[in-house]
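It should be emphasised that the depicted structure is a prediction, and the values quoted were computed from it without experimental measurement. Per chain, numbering begins at 1; letters A, B, ... match sequence-line order.
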Amino acid sequence: MRMSRLLLRTLREAPGDAEAASHQLLVRAGFIRRLSSGVYTFLPLGFKLVQNITAIVREEMDRAGAQEMLMPVLAPIELLQATGRDAIMDDILMHLTAKGGDFVLGPTHEEVVTTTIGGEVDSYRDLPLNVYQVQTKFRDEARPRFGMMRTREFIMKDAYSFDADAEAMNRSYKVMYDAYCKIFDRLGLTYTPVVADSGAIGGDVNHEFMVASAIGEDFFVQCADCGYAANIEAAIAGEAADAASTGGGDSEEMVVHDTPDTPTIDSLVELFRDRGRDITAAQTLKCITLKDADNNMILALVPGDREVLVGRVGNGAVAFDEADFAAHPELAKGYIGPADAQAKSFRVIADPLVRTGGPWITGANEQGRHATGVTLDRDFTVDEYVAVASVAEGDPCPNCSGTLAFEQAVEAGHTFQLGLTYSQKIDGAEFADEDGKLGQMYMGCYGIGISRMVAVIAELHHDDDGLAWPAAVAPYDVHLLGLGAGRSEEVRDATAKLYDQLTEAGIKVLYDDRDASPGVMFADADLLGMPKIVAIGRKSLEKGVVELKDRSTGDRSEVTPEELLASLS
RNA sequence: CGGGGCGUGGCGCAGGUUGGUAGCGCGCCUGCUUUGGGAGCAGGAGGUCGUGGGUUCAAAUCCCGCCGCCCCGACCA
């Protein structure tokens with residue numbers, strides 16, 4: 001490709017509203033342009049990148065036995081209603097009313113694929129089956145972020161496996177899991193598969209493929225000793241977690257203190273420190289009021305330095321909202337304690353850490369008052385122990401004697417074992433088994449955000465001068481610069497000749513044939529980030545060589561055109 | 001959805017408190033010179049100052065509403 005004809009405008013300065021390095025560089029290098037918040041155009045160079053990433057994903061999907069197809073973007077709302085996801089995913093669904101009825105723009109395709117495959121598969125002989133597509137998805141994200149990292153319209157590869165039983169589903173899952181590892185290896189990403197929470201997709205076993213990054217929206221924990229890795233939402237700390245202690249011993253009296261304006265743990269800790277008592281958040285007891293799907297009231301207890309993972313409570317539990325507190329004026333919001341909670345119709349659940357810690361500093365159930373020396377089984381009782389506390393850096397590993405470290409990361413892919421979650425709710429997802437009995441298909445689903453990969457790879461592969469694409473995804477293999485070609489016929493001819501030779505050899509070349517100054521050419525080449533930069537100028541011509549620079553390593557060498565051809569083909 | 005910030009040529013910004021016919025750098029066009037790490041000179045094009053209303057002789061500037069964008073949080077297959 002001759003640069004003089006390429007739709008490309010590089011920017012010397014980053015757009016003022018771009019924060020992440022990948023976002024700034026992708027815009028500066030002319031790969032993407034924003035149309036609206038979280039809605040982007042891929043310009044020619046950016047689209048080549050998308051195509052290259054997609055090609056790798058396709059190869060590995062095909063190799064793993066998955067078959068590519070293409071489902072509609074439009075999904076009838078009735079289909080989502082059948083599984084209840086019209087409500088579950090309500091806040092991200094984009095609706096569209098058309099002559100044929102009400103639709104949503106597909107945010108993911110479990111329902112569509114289940115009904116489609118259900119209609120095609122009637123026998124166990126048709127299974128196992130794995131289908132995939134590469135398609136634009138729509139999610140009305142509350143907050144698009146960091147350029148291509150989180151957008152409202154994005155390209156995704158989603159695959160779905162169908163099996164006759166759980167064991168076969170496990171095998172299909174393993175094949176996909178391995179394929180994902182190959183894909184991320186080939187994309188030049190350093191990743192960690194972690195045990196994850198299944199969220200709105202549902203199902204049991206699932207893994208997120210995490211890429212460590214300072215702009216990641218997720219955190220996972222990892223044990224350096226045994227390799228255990230889990231999203232913090234799914235992570236469970238080992239039993240031997242150190243007990244927090246107020247140092248007062250079991251005999252510490254319960255004392256109520258006036259603690260005005262301390263509705264949060266932080267403000268409480270600060271107040272005690274101001275009063276000369278040096279406490280930490282871990283010595284306080286966090287009491288969170290919840291209600292479940294049957295409107296039962298639950299009080300969840302965790303040490304004050306932890307969060308309550310509401311999803312672990314079960315039965316659709318959610319935190320009290322303002323209306324709930326308004327309906328229960330006897331609860332002193334911000335000063336709730338566990339004392340006599342059962343008398344207020346709470347079921348008290350506590351993380352096991354509550355058993356090993358204490359005495360606690362916690363709410364005294366009166367506005368502006370807290371109690372110290374609050375002791376388990378003397379001042380309050382627990383109905384059930386559930387691991388509802390978030391893990392903390394340094395917690396013991398659940399699998400070995402190591403400790404857990406935190407890592408910030410981007411979710412690059414996610415694989416789920418869905419089981420019968422969808423096939424039970426969608427009509428027709430049945431097949432005749434060997435005995436002629438009807439069974440339901442065990443499903444798995446597997447997603448990779450293709451357009452997000454553009455941002456993730458850019459985050460990992462750039463420096464102060466610009467992007468540095470891995471060879472496997474780079475839009476072009478070689479960026480060829482004709483230094484001063486505008487005034488030197490020799491240089492122009494030599495560069496054009498090399499361009500033709502390289503192109504004939506099957507090498508993808510971006511040829512800078514613009515009448516630009518050498519500085520502009522070098523700067524743009526570094527910004528665009530093709531793996532090899534080859535410069536020809538009067539100086540190198542005199543020596544009969546070309547200058548070769550490896551964009552990633554910065555290594556420079558002088559080689560003859562013949563040597564260059566030989567090394568690249 | 002809560003908090004904060006910002007909307008002025010394609011991009012980055014100044015001007016705004018003190019109202020008086022819009023400016024700088026980059027980019028773009030023409031010409032000449034220049035050419036190994038974002039060239040110089042000269043000339044030129046391009047702006048409903050997000051939008052609607054209000055105050056005023058006069059609004060980019062002051063007041064009110066709305067829209068959009070970014071960051072933090074909540075949320076997030």
What's the closest nucleotide to the [X] side chain, out of [options]?
X	options	result
A/Pro518	B/rG36, B/rA74, B/rG38	B/rG36
A/Glu13	B/rG25, B/rG37, B/rC1	B/rG25
A/Arg487	B/rU35, B/rG38, B/rC76	B/rU35
A/Arg150	B/rC72, B/rG38, B/rC76	B/rC76
A/Arg145	B/rG73, B/rG38, B/rC69	B/rG73
A/Lys539	B/rC70, B/rG36, B/rA74	B/rG36
A/Pro15	B/rC11, B/rG36, B/rA74	B/rC11
A/Glu141	B/rA74, B/rG38, B/rC76	B/rC76
A/Arg556	B/rU35, B/rG37, B/rG12	B/rG37

Counting just side-chain N and O atoms, does [X] come under 4.0 Å of either OP1 or OP2 of [N]?
X	N	result
A/Ser36	B/rG68	no
A/Ser517	B/rG38	no
A/Ser37	B/rC70	yes

Item to complete: Check whether any side-chain heavy atom of A/Met149 lies under 4.5 Å from a side-chain heavy atom of A/Glu459, and answer yes or no.
Response: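 A side-chain contact under 4.5 Å exists here.
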Worksheet item: Heavy-atom distance under 4.5 Å between the side chains of A/Met3 and A/Met521, does that happen here?
Response: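 No. Closest side-chain heavy atoms not under 4.5 Å.
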Worksheet item: Which sits closer to the 5' end of RNA chain B, A/Tyr446 or A/His23, going by the nucleotide each is nearest to?
Response: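 Comparing both residues, the 5'-ward one is A/His23.
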Worksheet item: Quick one: on RNA chain B, does A/Val520 or A/Asp515 contact a more 5' nucleotide (nearest heavy atom)?
Response: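 Comparing both residues, the 5'-ward one is A/Asp515.
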Discussion item. Just verifying a value: how many Å separate A/Ile117 CD1 and A/Met69 CE, rounded to the nearest 0.5 Å?
Written reply: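 Here the rounded value is 4.5 Å.
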Rounded interatomic separation in angstrom, taking [atom1] from [X] and [atom2] from [N]:
X	N	atom1	atom2	result
A/Ile533	B/rG37	CD1	P	15 Å
A/Arg551	B/rG37	CZ	P	17 Å
A/Arg33	B/rG10	CZ	P	13 Å
A/Gln24	B/rC71	CD	P	11 Å
A/Arg9	B/rG10	CZ	C1'	5 Å
A/Met149	B/rC71	CE	C1'	16 Å

Would you list the atom pairs, donor with acceptor, under 3.5 Å between side chains in residues 8-21 of chain A and any protein atom, with sequence neighbours excluded?
from	atom 1	to	atom 2	distance (Å)
A/Thr10	OG1	A/Asp524	OD1	3.0
A/Asp17	OD2	A/Arg34	NH1	3.0

Worksheet item: Hey, is the side chain of A/Arg12 pairing donor to acceptor with the base of B/rC11 inside 3.5 Å?
Response: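 Answer is no: no donor-acceptor pair is held.
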Fill in: Side-chain donor/acceptor of A/Arg28 to base of B/rG10, under 3.5 Å
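No, no donor-acceptor pair under 3.5 Å.
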Practice prompt. With C1' as the reference atom in both, quote the distance from B/rU56 to B/rC62 in angstrom, rounded to an integer.
Written response: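 The answer is 10 Å between these two C1' atoms.
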Item to complete: Can you tell me, in whole Å, how much space there is between the P of B/rG37 and that of B/rG52?
Response: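 Here B/rG37 and B/rG52 have their P atoms 50 Å from each other.
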Worksheet entry | Distance-only polar pair, side chains of A/Tyr173 and A/Thr415, donor-acceptor under 3.5 Å |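 Distance-only check passes for A/Tyr173 and A/Thr415.
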Practice prompt. Could you tell me whether the side chains of A/Asn130 and A/Tyr132 share a donor-acceptor contact shorter than 3.5 Å?
Written response: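 No donor-acceptor contact under 3.5 Å links the two side chains.
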